[in-house]
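Worksheet for the structure shown next.
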Amino acid sequence: MSPPRAERILHFLRRLRDGLWSWSGPDRRLFVEVPGRWYLLLCIALGVAAVLSGNNVLLLLESLLLGGLILSGMLSEWTVARVRITIRRGPAYAGEAAQDEVWVKSRSFLPLFCMEVGEWKNRRFIVQGFLPLLMPGESLRVAVGPRYEQRGEVTWEAWGVATAFPFGLARKVRLVEEEGRRLVWPARRKGRRRNGALHGALEPEISAGEVRPWVWDDDARDIVWTKRQPHGERVTRVRRPRGAADEPLLLDLQVAPGPAFEERLRFLCARLAVGNPAARLTIKGAAASRVVRGRRQALDALALAQAEKTR
């Protein structure tokens, strides 16, 4: 059954409105901001008044406004076109900010101002980081921390850089990376305070004097910056979980979905987060059991795990 005529008309008007204030190219997106809309309306009104009246002063003002519009477009395009972006993704736990970073390098002989980096999803640019100034030839690292509340797979349509420089009339977006996906690991289990002490949590403790090679999913805060391996690789402090350290890593999928299953996932995630990178996780299903080797592979399996019993 087709929607009522009134709904079709409203849908057409929304599409027309979006088309008036936005534009899409192969790797460019342009969104006219609220000040830019008023600016365009002023240009149109002043242009009509100048043509009808033949007043030279109004014609000069119209030329000034149109020149400012052209200058804004040229500077915003120069800003987004003269940067090179490299994205490095770190671990992402549910309920925590991801440890991602973006390296932005200038390829311009002029300073670049007011740049934003972020995700492009559902026809929206979601800002993750902001650079107020980038000097010629300079390379800067921007820490971006998208926060995901639920574990599982997360997708995006593209990553890009945007700017509304210099007048804030419109936001120009340049897409620099195609669509992608990532896995958000379960939230790490938190302890409860009882009589001033933590109980029931796997609070990691640092083993004094012990270090090991740093891998991408380690917490960057544990890097020992004063030490390096023979070939210059980074090292990190060794953390060991307190309590239940000898308990095997076992996940039973033959349970009903609910808080108990999610709590088990958080417990295993906390064990793996501070454990050996070569840890093993046993997943027991209705058909068969399998062993997942490696911390990263085990955390990916926990992110996608689903209980098999129905309520």
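Across Arg174 and Val83, no two heavy atoms sit closer than the pair NH1-O, 2.9 Å. Considering every non-hydrogen atom in both Arg82 and Leu112, the closest pair reads O-CD1, 3.7 Å. The two residues Gly129 and Val142 have their closest heavy-atom pair at CA-CG1, 4.0 Å. In terms of heavy atoms, Ala256 sits closest to Phe261 at O-CB, 4.0 Å. Residues Arg266 and Pro259 come closest through the heavy atom pair NH2-O, 4.4 Å. Here the closest non-hydrogen pair linking Arg182 and Ala92 is NH2-CB, 3.8 Å.
Although no hydrogens or angles enter the test, the distance criterion places no donor-acceptor pair under 3.5 Å between the side chain of Ser72 and the main chain of Leu69.
Once rounded to the nearest 0.5 Å, the distance linking NZ of Lys172 with CG of Leu75 reads 10.5 Å. Atom CD in Glu262 sits 5.0 Å away from atom CG in Leu265 (nearest 0.5 Å).
Around atom CD of Gln150, no more than 12 heavy atoms belonging to other residues, nucleotides or ligands sit under 6.0 Å away. Under a cut-off of 6.0 angstrom, the local environment of CZ in Arg107 is crowded, with over 12 non-hydrogen atoms contributed by other residues, nucleotides or ligands.
The shortest distance between side-chain heavy atoms of Ile283 and Leu253 falls below 4.5 Å.
Residues Phe113 and Trp78 place their aromatic rings such that the two centres sit no closer than 6.0 Å. Ring-centre distance between Phe31 and Trp120: below the 6.0 Å cut-off.
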